[in-house]
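Contents: one structure, followed by commentary.
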Number of protein chains: 2
Amino acid sequence: MTLRHAILGLLSKWDATGYDIKKEFDDFMSIFWHSHLSQIYPELNKLEAEELVTSRLVPQEGKPDRKVYSITNGGIDEITSWVGAPPDIPKIKDSFLMQVFFMDNISADDVIFQLKYYQGVRQKRLDEMKQTVQEAWESIVERQIMTPRLLMSSAVLRRGLEQEVQYIRWCEETIALVEACKSLWDTDTSPDSVLPFNDAKELMENYYNATLALENDEA
Amino acid sequence: MTLRHAILGLLSKWDATGYDIKKEFDDFMSIFWHSHLSQIYPELNKLEAEELVTSRLVPQEGKPDRKVYSITNGGIDEITSWVGAPPDIPKIKDSFLMQVFFMDNISADDVIFQLKYYQGVRQKRLDEMKQTVQEAWESIVERQIMTPRLLMSSAVLRRGLEQEVQYIRWCEETIALVEACKSLWDTDTSPDSVLPFNDAKELMENYYNATLALENDEA
DNA sequence: TCTCCATATGTAAATATTTATATATAATAA
DNA sequence: TTATTATATATAAATATTTACATATGGAGA
């Protein structure tokens, strides 16, 4: 039931077509949401049937007509009450982290390859977001305007950026850890292979201490 | 198609019933995945039909029989090849961050209330995870054993912990930002309300500079 | 010239996910 | 005493999501 709120939220700022909404999902909103056109179009129909949005056709030359949606007062009530409602409990799905969890099934070199690859994927996302931050800030400076809208976008953008930076950093740390512990994989091809604990003890002790100390780090 | 890999991955470590798998999803695996029993049971049936797992009934007294699943060689091939396959592009769904994105629609006080509430939710998750880290480390020290399996779990656990710590920190920072910029909300009830930019300029400049500098922070 | 991409709308079919319901026992908490 | 929680299985119905198909034009690049 969140796609409807993604759409209503967008339409509370600007009028837009389904196609426009999809572009927003692929661009800025990809920090926290994504969807397909084949889900957006039917959802817009539902919202219109419920009178939370209205639409009008805007003809264009050479291209299909734009079906531009606007939010109604009912739609504004709906999005406002959702924004103020108790947040859902976090429901995380991170398929890469799941792959990592099961990577004892492959060789240390393959683990490192996967981590490096994914680090690159995240770096690309980060580069794009940095571009967005830059542009957002320049536009704020140019227009000399600050609003709650811009403030909340900035906060979300920052969260998105942090997430990328920190995932990348974790990839680096994990690569270093696996690199240092390669011998754990080498002793045996069976997944139960074990090395005398002392070989990895100091490293893991540091790792666990660092993990447990995370909360007290100052930014 | 990832639930099947979550299940196969687990069964590559231990035999388990659907109920056991659900508990693991709610516990450790909640760092990166979640599911319902009503999805797990049919999926186990499918996996059995494809001969990636087998099952046997283990009678119990007073309680329903346990239907214990084991992975087959075919299942091990499937999970191994998935773990080594190119990771999916990140597909994030964070409904709270979406709420934040649209919070210019509610009052500054309500924004702060929502952020504080969610910070508490994340803190609770963090406390539980810290417990898990503590236990994991104690068990490693006690058993004097280190394996690829434990190493990868440690890395995932650390990622989970970091994620909570950093989300909490972001909530704190965002609360401070909104607190400092409350006046942006007060001038007008319309969403287009604007304050002379200078009032917020220095603060936002710092915020944007900090955001753009994120990548270069040293841990 | 031909193919791909962007613009723009959608439908159909296949999957995946969530919520509700059903059954049964034992222990624990209010 | 009554309600809830934990153990265990599972189905049914409702939603949500993804992938594939279908149509149409104009522009950019190979």
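Just so it is clear: chains get the letters A, B, ... in the order the sequence lines come, proteins before strands, and each one is counted from 1.
For the contact set between residues 80-100 of chain B and DNA chain C, defined by any heavy atom under 4.0 Å, there are no members. For DNA chain C, the residues of residues 27-39 of chain A within the heavy-atom distance limit of 4.0 Å (strictly under) are A:Leu37, A:Ser38, sorted by number.
Residues satisfying the side chain to side chain donor-acceptor pair (under 3.5 Å) criterion with B:Ser35, sequence neighbours excluded, are B:Gln39. Judged as a ring pair (Phe, Tyr, Trp, His ring centres under 6.0 Å), and not counting sequence neighbours, A:His34 has no contacts. B:Lys67 pairs by the salt bridge (Lys or Arg N to Asp or Glu O under 4.0 Å) definition with nothing, not counting sequence neighbours. When the side chain to side chain donor-acceptor pair (under 3.5 Å) test is applied to A:Asp27, no partner is found at least two apart in sequence or on another chain. Under the side chain to side chain donor-acceptor pair (under 3.5 Å) criterion, A:Glu135 pairs with A:Gln131, sequence neighbours left out. Take A:Arg122 and apply the side chain to side chain donor-acceptor pair (under 3.5 Å) test, not counting sequence neighbours, and it matches A:Tyr118, A:Glu164.
Residue-to-nucleotide proximity on DNA chain D shows that, of A:Pro64 and A:Met1, the 5′-proximal contact is made by A:Met1.
A side-chain donor from one of B:Asp20 and B:Thr17 sits under 3.5 Å from a side-chain acceptor of the other.
A:Ile21 pairs in a side chain to side chain contact (heavy atoms under 4.5 Å, CB included) with only one of the listed residues (A:Leu3, A:Ile40, A:Asp26, A:Leu37), which is A:Ile40.
Taking atom OH of A:Tyr41 as the reference point, atom P of D:dA22 lies 18 Å away to the nearest angstrom. When rounded to the nearest whole Å, the span between CD of B:Glu24 and P of D:dA6 equals 16 Å. Distance B:Asp20 CG to D:dA6 C1': 13 Å, rounded to the nearest Å.
Within the helix from C:dT1-D:dA30 to C:dA30-D:dT1, the inter-axis angle between the opening and closing five-pair segments is 40°, rounded to 10°.
The neighbour count for A:Glu51 CD, taken as heavy atoms of other residues, nucleotides or ligands under 6.0 Å away, does not exceed 12.
Across all strands shown, B:Gln60 has heavy atoms under 4.0 Å from sugar-phosphate atoms exclusively, and none from any base. At a threshold of 4.0 angstrom between heavy atoms, the contacts of B:Lys46 are confined to the sugar-phosphate backbone, with no base atom among them.
First and last contacts of DNA chain C with chain A, using any nucleotide atom under 4.0 Å from a protein heavy atom and ordered 5' to 3', fall at C:dA6 to C:dT17.
Pairs of residues two or more places apart, or lying in two chains, that qualify as salt bridge (Lys or Arg N to Asp or Glu O under 4.0 Å) and include a residue from residues 107-120 of chain B are B:Asp109-B:Lys182.
A heavy-atom distance below 4.5 Å is not found between the side chains of B:Trp14 and B:Leu11.
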Discussion item. Please evaluate residues A:Glu50 and A:Lys46 with respect to the criterion salt bridge (Lys or Arg N to Asp or Glu O under 4.0 Å), reporting the C-alpha separation (whole Å), side-chain torsions for both, the decisive distance (0.1 Å), and the verdict.
Written reply: CA-CA 6 Å; A:Glu50 294 174 48; A:Lys46 273 191 236 165; over 6 Å; no
Under 3.5 Å donor-acceptor pairs involving side-chain atoms of residues 87-101 of chain A, not counting sequence neighbours:
{"from": "A:Asp88", "atom 1": "OD2", "to": "A:Lys91", "atom 2": "NZ", "distance (Å)": "3.4"}
{"from": "A:Asp94", "atom 1": "OD1", "to": "A:Phe96", "atom 2": "N", "distance (Å)": "3.2"}
{"from": "A:Asp94", "atom 1": "OD1", "to": "A:Leu97", "atom 2": "N", "distance (Å)": "3.0"}
{"from": "A:Asp94", "atom 1": "OD1", "to": "A:Tyr167", "atom 2": "OH", "distance (Å)": "3.4"}
{"from": "A:Asp94", "atom 1": "OD2", "to": "A:Tyr167", "atom 2": "OH", "distance (Å)": "2.8"}
{"from": "A:Gln99", "atom 1": "NE2", "to": "B:Trp82", "atom 2": "O", "distance (Å)": "2.8"}
{"from": "A:Gln99", "atom 1": "NE2", "to": "B:Ala85", "atom 2": "O", "distance (Å)": "3.3"}

